[in-house]
Every structure is written in C-alpha cells, then in structure tokens.
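Order of listing sets the numbers, starting from 1, for every ligand and every atom in it.
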Amino acid sequence: MSKVSALYPGSFDPPTNGHLDLIERGAKIFEELVVGILKNSEKVPMFSLPERLDMLKTLTAHLKNVRVEAFHGLMVEYAKSINATCVLRGIRAVSDYEYELQMALMNRKLEPSLETVFMMPADKYSYVSSRLVREVAQVGGPVRGLVPEVVEQKLREKLEPAYRFHDEMNGESSHTASTRQNKRKKRA
Ligand code: PNS
C-alpha cells in the first residue's frame, strides 16, 4: 500500500475523547495525519482557535506522525495544499451517516482525487459529541470520561461560575471543588 497523508478536519470545540480515539486510530494507519481545525468566522466557538490548537497539540504530543494546524476556507483546497490525499472522518452512529455522506460526496465533486475514509471511534464514545459536552459543561455538569483531563480543566476554568453553582447545589463546597481541581492540575 502506498504511503498516505490524511487530513482529519473538524471544529473540535472542544476536543473530546472520541476525537482523540479517532486520531490515535488514524495515526496507526496513515503515514502522516494532520488534524485541521476549521477557523469558522460564522460561528462563535466556546474555545478560541489558539485554545483549540493548544489543547490538541498537547493531546497529540505523543503521536509523532500527527500535527495540528488551523485552516479556513474550503477543506479540499487546504487538503491539497498540505498534500493530503485522504480525509478522515468519524462515524459514531447511523445518524451521522447522512450528513457525512453528503459532505463526502460534495467534497468528491469539488476534488475527485481526494478520498474520504470513515472510521468508528470506540463504542464507549459513540454518544459523545462536542455539542453535548458544551451543553453539559455550560450548566456545570460532569464531563469526566467524555473529554481528556486537560479539556475538562479548561472547561472548569472557562465556566467557573456554572461549576461553582453546580458544586454548591450538590453539596460540594467550592473549596473542595477547587482543591480537587488543584490536585488534578498537579497531576497533569
Ligand atoms: O467537526 P465538524 O464541525 O462536523 O467539522 C465540519 C468540517 C469542518 C469538516 C466542515 O464543515 C468543513 O470541511 N468545512 C470547511 C468548509 C468546506 O469545505 N465546506 C464544504 C463541505 S462539503
């Protein structure tokens, strides 16, 4: 099999364990994998582009054939500019399929030489999405196990009032919560 460079594009707002699982799987089968974060001027993200770049670089530092970059504009044009011949996308459930199929076919229309490859993340992440993580975190809900620890910490920092309120309502003093958070920071 010839050596293939692939692009894994997405919003990653924030990166989840499902994303990381897919990156690790992709890194095993592609010679080079570029994680491309879309700089989308239409949507206001929860995490800025530098924050997402920073998180994903930290999370993939152990994968020597993976690099993280930002892109804007058409994904197929960016793929071409980095010599990627494959696009990697994750499919969690049948519900993802329709949107992904449409996107893959549109991308093929735009650039016939670029192949889309679908991979499944581990089934334990099949319900995890950035949107749902944001929804849970915005009201101070637990996201442990859904996102990597560095992302969990960032969410707690960004949404401090929501987490403080949630922890207090659930009988956990803000002191206990911040002690727990500090312990986690030291471990990281
Ligand atoms: O993680 P997401 O938000 O589902 O990723 C969607 C993404 C970034 C892959 C898609 O929106 C994209 O490629 N946008 C770039 C603009 C583009 O090329 N649009 C045509 C797609 S058919």
Is Glu32 paired with Lys3 through a side-chain N to carboxylate O contact shorter than 4.0 Å?
no
Decide, yes or no, whether a salt bridge links Arg92 with Asp21 under the criterion of side-chain N to carboxylate O below 4.0 Å.
no
Do Leu63 and Met119 sit in one hydrophobic cluster, given that two such residues count as connected whenever their side-chain heavy atoms are within less than 4.5 Å of each other, even indirectly?
yes
Can you list every ring pair (Phe, Tyr, Trp, His ring centres under 6.0 Å) pair that touches residues 115-160, not counting sequence neighbours?
none
Can you name the residues that form a ring-ring contact (aromatic ring centres under 6.0 Å, His included) with Phe12, not counting sequence neighbours?
Tyr8, His19
Report all N/O contacts between ligand 1 and the protein shorter than 3.5 Å as a table of atom names and distances to 0.1 Å; if there are none, say 'none'.
| from | atom 1 | to | atom 2 | distance (Å) |
| --- | --- | --- | --- | --- |
| ligand 1 | 1 (O) | Ser11 | N | 3.2 |
| ligand 1 | 3 (O) | Ser11 | OG | 2.6 |
| ligand 1 | 4 (O) | Arg89 | NH2 | 3.0 |
| ligand 1 | 5 (O) | Arg89 | NH1 | 3.3 |
| ligand 1 | 18 (O) | Met75 | N | 2.8 |

Residues clustered with Val34, ILVMFWY side-chain links under 4.5 angstrom:
Leu7, Leu38, Phe71, Leu74, Met75, Val76, Tyr78, Ile82, Val87, Met106, Leu110, Leu114
